[in-house]
Student: 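Got a structure for you, written out below as C-alpha cells; questions coming shortly.
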Amino acid sequence: MKIIKFPDSSAYKAILTRPVQDISVIEQRVTPILQKVKAEGDAAIRAFALQFDKTVLDSLEMPEESVKKAESQLSDELLKAINQAYINIYRFHEAQKQAPEKIETMEGVTCWRKSVGIDKVGVYIPGGTAPLFSTVLMLGIPAKIAGCNEVVLCTPSDHPAILYAARLCGITRIFRIGGAQAIAAMAYGTETVPQVYKIFGPGNQYVTAAKMLVNKEGIAIDMPAGPSEVAVYADDSANPAFVAADLLSQAEHGIDSQVLLVSTSELIEATNQELEKQLKALPRAEFAAKALENSQAILVENESVALEMLNQYAAEHLILSVENAEEVSEKIYNAGSIFLGNYTPESAGDYASGTNHTLPTNGYARAYSGVSLDTFVKKITVQHITREGIHHLGQTIIEMAQAESLEAHANAVRVRLQS
C-alpha cells in the first residue's frame, strides 16, 4: 500500500479521490435491458438469463421445496451463527421503533407523525463470488419489523444460506433472477414478478446503474452505492496486525474496493509489513491485492489533521483504533458507520453485532445515512383541529393566505369561523 507522509492540505482532494468509473458507458449498456424487461416481461428475463448466465429458467420463482430443505444443507455451526446474528440485528432494529407523540402546538391544534411500512419492497442479492446471506438478514429483518406487506427477493444464487436467511426473515417469494434485469423486474413488474415501490441491495456496477436509472423514473432505492470501502484512523495504541486485518477484510470484497489508513504514528510501516504477510494467506488474495493498488496509508502530524481528512473522505466504514475512541468519534460528522477501539473489527458490523451493514459509499455519507428501520417506513403526518382550535389559529392562516394571493385557502378557514 502506498505511503504518503505529511501531505499539504491542498493535496487532500487528490489523495482521497476514489477510483473513477465511467457510469455513462455502463448506463448505455443497462438501458436496453431495462427497456426490454419493461416491454417483454418474463420472456426478456429468460432471454437475458440465457445470454448472460447461460441458464435456462423454466421457472422464475425459486421452488418452495428448495427453500424448505435449505436448513438441512447447512452445518449446525453455521445455523447457530445465523440465528445469533438474526437475534442481534432484530434487537437493534426493533429498538428503533418510535411511538407517535402527539404535540399540541396551540390550544385545540394537535399534530403528530405515524410510521407506516412501505407496502411493497424488493431485495436484490447478487450471485458473484460470495453468497451474501448476511445482507438478506440486514434487509429482511427491518422490513419485517416495519410491517412491509410484501417483500420479494431476487437473486441468481441458490445458496442454502441465502434461502434459509430469507425464510427466517419471512420472505416468501424468491425469484431466480440476477443482474440489471432483476432490478428491472422489480421496478416495472412482470407476469411473474410483482412490482415494488422501493428496491434494496448491493450489486455490481450494472446493478447499481440499473437502480440509479429506475430511481429517475420514480422507483425509490435504498441509496446510491459504489464499491465498498473502509478507513482506519490509528495512533500509537493501535495494533498493526489488527489494522492490517481490517484493511484486508474490506479489500477482499473486490478489485474496485478501496481502503485508507490515516495515522499519527509510524506504525504505518509495520502495518504494511503485516499486510504483505496476511495477504499471502488469503484465498481472495488476488482481489485484495488489486484493491490495495487503489489504496494508501497517510501519516499526518496530529489528530486535528487526521479528523479533517477523515471527515472530508466520508468513509462507508470508519474504524477508530485510537485512545479515547468514543471521545474522538464525537468529532466525526461524515461516516456511514463507526467502529471504536482495537477490538471492534468492521466485520462485526458486517455480520452480527446488530447494526446494519448497508451503508453509503463513495462519499455519500456526507448526506446519506445507512439502512435502518426508518428506511423501510414512511412518516405520515396527522393533525386534528377542534372548533375552538380553528378559532385560535384561523386568523393566522387567513393573513398568510391573503398575502400569497391564495384567496380560496383563506376562505376554507373563513367559512369555518363563520359557522
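Any value given below was found using the heavy atoms of this structure, including those in side chains, with hydrogens, waters and symmetry copies removed.
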Student: Taking atom types as modelled, is there a side-chain donor on Lys378 or Ser115 under 3.5 Å from an acceptor on the other?
Tutor: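 Distance-only check fails for Lys378 and Ser115.
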Student: Would you say CD of Gln383 has more than 12 non-hydrogen atoms from neighbouring residues, nucleotides or ligands within 6.0 angstrom?
Tutor: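 12 or below, so no.
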Student: Would you indicate whether Glu217, at its atom CD, is surrounded by more than 12 heavy atoms from other residues, nucleotides or ligands within a distance under 6.0 Å?
Tutor: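 Yes - once you tally the heavy atoms of other residues, nucleotides and ligands closer than 6.0 Å, there are more than 12.
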Student: Would you call Lys69 and Glu65 a salt bridge, taking side-chain N to carboxylate O under 4.0 Å as the test?
Tutor: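 Salt bridge flag = no for Glu65 with Lys69.
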Student: Under a 3.5 Å threshold, yes or no: a donor from one side chain and an acceptor from the other, between Ser372 and Asp374?
Tutor: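 Checked: Ser372/Asp374 side chains show no N/O donor-acceptor pair below 3.5 Å.
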Student: Can you check side chain to side chain donor-acceptor pair (under 3.5 Å) on Asp42 and Thr190, steps first, answer last?
Tutor: CA-CA 6 Å; Asp42 287 352; Thr190 72; 2.6 Å; yes
Student: Would you say Tyr188 has more than 12 foreign heavy atoms packed within less than 6.0 Å of its OH?
Tutor: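 Atom OH in Tyr188 is crowded, with more than 12 foreign heavy atoms closer than 6.0 Å.
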Student: Crowded around Met400 CE? As in, over 12 foreign heavy atoms under 6.0 Å?
Tutor: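 Counting other residues, nucleotides and ligands, CE of Met400 stays at 12 neighbours or fewer.
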Student: Do the ring planes of Tyr351 and Phe133 sit parallel (below 30°), tilted (30 to 60°) or perpendicular (above 60°)?
Tutor: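 Geometry flag for Phe133 against Tyr351: tilted rings.
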Student: Quick one: do the Asp236 and Ser265 side chains pair a donor with an acceptor below 3.5 Å?
Tutor: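 Judged by distance alone, the side chains do pair up.
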Student: Assess, by modelled atom type and distance only, whether the side chains of Asn239 and Tyr343 contain a donor and an acceptor separated by less than 3.5 Å.
Tutor: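 Tyr343 and Asn239 do not have a side-chain donor-acceptor pair below 3.5 Å.
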Student: Are there more than 12 heavy atoms of other residues, nucleotides or ligands under 6.0 Å from atom CD of Glu107?
Tutor: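 Check fails, neighbour count at 12 or below.
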Student: Using a 4.5 Å cut-off on heavy atoms from C-beta on, say whether the side chain of Val305 contacts that of Tyr12.
Tutor: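 Of all side-chain heavy-atom pairs linking Val305 with Tyr12, at least one is under 4.5 Å.
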Student: I'd like to know if the side chain of Glu276 pairs up with that of Asn272 as donor and acceptor (distance under 3.5 Å, no hydrogens or angles considered).
Tutor: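 Side-chain D/A pair, Glu276 to Asn272: absent.
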Student: From the options Val259, Val230, Leu260, Leu247, select the one residue that forms a side chain to side chain contact (heavy atoms under 4.5 Å, CB included) with Ser295.
Tutor: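 The option that passes is Val259.
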